[in-house]
Amino acid sequence: MTASLYDSLLEPDAQRTQFGAGEIPVAVYGLGKMGLPLASVYAEHTGNVTGVDIDETVVERINVGDCHVQGEPGLPALVESLVADGSLTATTDAATAAADAVLHVVMVPTLIDDRNNPDLSAVKAAVDEIAAGLAPGDTVIFESTLPPRATTDVLRPRLAEESGLAGDCFGVAVCPERTSSGRALADIRGTHPKVVGGVDDESGRVAELVYGELVDNDIVRVADATTAEAVKVFEGLYRDVNIALANDLARLTGELGVDVRAAIDAANTQPYCDIHTPGPGVGGHCIPYYPYFVLNWLDGQPATLATARSVNDAMPRFVVDRVAEGLAVTRAASIADGGVSMADDRSDATPAPDEVLDGATVAVLGLTYRAGVEETRASPGIDICANLAARGASVLAADPLVDAEGLTATDVPAEELPDHAPDAVVLATAHEAFEALDWTALPPTVVVDGRDVLDLTGTDHRLYTVGRGWQ
Ligand SMILES: NC(=O)C1=CN([C@@H]2O[C@H](COP(=O)(O)OP(=O)(O)OC[C@H]3O[C@@H](n4cnc5c(N)ncnc54)[C@H](O)[C@@H]3O)[C@@H](O)[C@H]2O)C=CC1
Ligand SMILES: CC(=O)N[C@@H]1[C@@H](OP(=O)(O)OP(=O)(O)OC[C@H]2O[C@@H](n3ccc(=O)[nH]c3=O)[C@H](O)[C@@H]2O)O[C@H](C(=O)O)[C@@H](O)[C@@H]1O
């Protein structure tokens with residue numbers, strides 16, 4: 001008889017011993033940027049984890065001890081050792097994994113569709129696989145970020161209906177992942193307290209016991225599963241709204257004639273103030289998606305969320321407008337042949353910005369949504385490329401992690417940029433690889449720095465920094 005945790009008759013310490021001894025077989029569904037580190041942490045504690053993924057290449061690489069997730073310190077060595085000692089195996093056979101497992105951990109993508117509606121198709125597919133193998137005493141844990149009420153209204157009923165089991169003979173809990181790519185193992189192990197919430201008391205108890213073994217930080221047991229879903233989404237909503245405030249303030253740089261980034265830093269010396277950092281937009285499949293887990297899911301329509309989304313989504317165009325502004329002044333200066341400082345950039349000699357973009361060659365540095373992470377969903381750099389091309393520019397793109405295939409841009413290695421003598425350059429993502437770029441090898445160029453990482457003192461480039469203005 002396989003041991004189980006939900007409704008276990010054993011004392012908690014005996015349950016912890018069972019869990020640590022691998023007597024509670026674990027299946028982790030989704031072995032991506034977050035799922036593979038999570039499965040690895042479960043495996044290092046239990047020695048008995050089966051990872052399930054629909055991507056055969058992912059599964060094959062893991063089963064030879066290879067880590068397909070880039071940029072996670074410690075993960076390659078951990079995966080190699082866990083696979084070598086049999087603690088972690090991967091499979092595409094979800095049915096067998098679900099039948100064998102007692103603890104089912106879901107870490108598959110939760111995205112939005114092309115109409116910004118929450119897309120739970122991957123979670124539902126995982127739920128269907130789990131349901132086919134669900135047994136009384138099992139527990140299902142959702143680590144994926146979910147729209148509030150998704151577990152109680154959609155996923156738990158689906159588990160019961162598809163498995164034919166009564167809803168009170170298996171556990172369901174929401175234990176959202178609060179990690180960031182690049183720090184996943186540290187975060188999963190306990191950089192932050194772990195929030196857990198069950199659909200019933202017993203589910204919450206099981207989740208608290210399990211993560212008490214995995215996490216080196218506090219366990220925050222909240223009232224129920226919906227509260228746990230809301231906690232995770234609220235964290236993301238706070239971030240999107242806060243970044244929108246920073247971006248809105250950055251737009252005031254010219255009119256105020258001040259360095260808004262410096263003003264934000266000074267304002268943040270006040271403990272209650274934590275204004276985030278202006279940038280070229282908000283990317284990834286988390287922060288820009290979570291507002292729609294409320295707006296296009298619940299009847300309530302918080303105005304702040306929609307406003308923040310429109311502010312952040314407008315930043316790529318704001319960046320391209322600065323390119324146009326800079327090129328217009330350059331063009332006017334060449335017409336006047338007497339040179340025009342940016343202070344005169346409202347002179348009527350300046351051609352209309354959109355005309356000045358037509359036929360200009362503009363290079364975009366950075367296609368991923370943030371430095372060091374191989375993810376392009378909702379990426380500002382990609383939106384900047386599209387906006388430039390739509391306004392007539394010829395676009396070059398450089399990124400050390402991804403290429404411009406399928407984009408309105410031509411791939412160019414960053415180090416070859418001087419050979420192309422672009423009229424303008426946009427830094428959209430501050431990849432470390434761009435630090436090696438020799439800006440003195442470029443002829444006088446309009447440069448828009450979305451990430452405040454460039455110091456072009458001593459060059460003849462016209463530099464605009466989002467949040468600091470024309471330098
Ligand atoms: N990436 C991040 O920084 C964080 C992501 N999250 C959440 O974690 C979840 C997963 O995100 P990532 O790991 O970044 O996604 P990812 O795209 O890196 O990986 C998803 C993996 O799931 C697999 N998959 C898709 N459908 C599946 C199914 N039905 N059964 C089994 N495997 C399936 C894919 O093949 C892929 O390997 C999302 O809900 C996200 O909101 C939470 C915190 C941080
Ligand atoms: C509340 C919070 O900090 N959430 C984190 C976030 O991580 P994520 O990888 O999405 O990166 P991020 O640092 O939020 O950046 C998202 C986007 O916003 C931009 N960004 C970020 C912070 C800022 O002050 N200004 C800004 O413009 C970034 O450049 C990027 O394009 O989302 C993750 C998630 O929920 O998946 C979450 O686990 C992480 O802890």
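What's counted below: heavy atoms across the whole structure, side chains too, no hydrogens, waters or symmetry copies.
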Exercise. For Thr330 and Arg462, does a side-chain donor sit closer than 3.5 Å to a side-chain acceptor?
Worked result: yes
Exercise. Counting only heavy atoms not in Gln270, do more than 12 sit closer than 6.0 Å to its CD atom?
Worked result: yes
Exercise. Got a donor-acceptor contact below 3.5 angstrom from the Asp119 side chain to the Leu111 backbone?
Worked result: no
Seminar exercise, completed: Applying side chain to side chain donor-acceptor pair (under 3.5 Å) to Thr408 and not counting sequence neighbours gives none
For this session: Name all residues meeting the side chain to side chain donor-acceptor pair (under 3.5 Å) criterion together with Tyr42; count only those two or more places apart in sequence or in a different chain, and write none if there are none.
Result: Tyr211
Exercise. Do Thr50 side-chain atoms and Thr89 backbone N/O form a donor-acceptor pair below 3.5 Å?
Worked result: no
Exercise. Hey, are Asn387 and Arg391 close enough side-chain-wise for a donor-acceptor pair under 3.5 Å?
Worked result: yes
For this session: Check for a donor-acceptor pair, side chain of Ser144 on one end and backbone N or O of Val108 on the other, with a separation under 3.5 Å.
Result: yes
Mind listing the side-chain donor-acceptor pairs of residues 173-180 below 3.5 Å, one per line with the distance, residues two or more places apart or on another chain?
residue : atom : partner : partner atom : Å
Arg178  : NE   : Glu235  : OE2          : 2.6
Arg178  : NH1  : Pro193  : O            : 2.7
Arg178  : NH2  : Glu235  : OE2          : 2.5

For this session: Could you tell me which residues satisfy salt bridge (Lys or Arg N to Asp or Glu O under 4.0 Å) with Glu229, sequence neighbours excluded, listed by chain and number?
Result: none
Exercise. Any donor-acceptor pair under 3.5 Å linking the side chain of Asp113 with the backbone of Asn117?
Worked result: yes
Exercise. Are side-chain heavy atoms of Thr145 and Val233 found at a separation under 4.5 Å?
Worked result: yes
Problem set entry | Partner set under side chain to side chain donor-acceptor pair (under 3.5 Å) for Thr277, not counting sequence neighbours | none
Exercise. Hey, which of Glu72, Gln70, Glu375 is the one that makes side-chain hydrogen bond (donor to acceptor under 3.5 Å, both in side chains) with Lys33?
Worked result: Glu375
Problem set entry | Asp399 (side chain) donor-acceptor with Thr368 (main chain) under 3.5 angstrom | yes
Exercise. Any salt bridge (charged side-chain N to carboxylate O under 4.0 Å, His left out) pairs touching residues 423-435, not counting sequence neighbours?
Worked result: none
Problem set entry | Residues in salt bridge (Lys or Arg N to Asp or Glu O under 4.0 Å) contact with Arg322, at least two apart in sequence or another chain | Glu325
Exercise. Below 4.0 angstrom, N of the basic side chain to O of the carboxylate: do Arg189 and Glu44 qualify?
Worked result: yes
For this session: Could you tell me whether Asp240 and Arg309 have a side-chain N and a carboxylate O separated by less than 4.0 Å?
Result: yes
Exercise. For Asp403, what residues pass the salt bridge (Lys or Arg N to Asp or Glu O under 4.0 Å) criterion, not counting sequence neighbours?
Worked result: none
Exercise. Taking atom types as modelled and ignoring hydrogens, do the side chains of Thr227 and Asp224 form a donor-acceptor contact shorter than 3.5 angstrom?
Worked result: yes
Problem set entry | Pairwise side-chain hydrogen bond (donor to acceptor under 3.5 Å, both in side chains) hits with a residue in residues 444-456, at least two apart | Asp452-Arg468, Asp455-Thr457
Exercise. Can you check whether Arg261's main-chain N or O pairs, donor with acceptor, with Asp259's side chain at less than 3.5 Å?
Worked result: yes
Exercise. Mind checking what makes ring-ring contact (aromatic ring centres under 6.0 Å, His included) contact with Phe434, not counting sequence neighbours?
Worked result: His431
Exercise. Hey, does the side chain of Glu374 reach the backbone of Gly372 with a donor-acceptor pair shorter than 3.5 angstrom?
Worked result: no
Problem set entry | Salt bridge flag under 4.0 Å for residues Asp274 and Arg239 | no
Exercise. Just by distance, do the side chain of Asp460 and the backbone of Pro444 share a donor-acceptor pair under 3.5 Å?
Worked result: no
Exercise. What are the two closest non-hydrogen atoms of Ala97 and Thr91, and how far apart are they?
Worked result: CB-CG2, 4.2 Å
Problem set entry | Any pair counted as ring-ring contact (aromatic ring centres under 6.0 Å, His included), so long as it reaches residues 256-291, sequence neighbours left out | Tyr238-His276, Tyr290-Phe293
Exercise. Are the side chain of Ser394 and the backbone of Gly359 linked by a donor-acceptor contact shorter than 3.5 Å?
Worked result: no
For this session: With sequence neighbours left out, write down each residue that passes salt bridge (Lys or Arg N to Asp or Glu O under 4.0 Å) with Asp248, or none if nothing qualifies.
Result: none
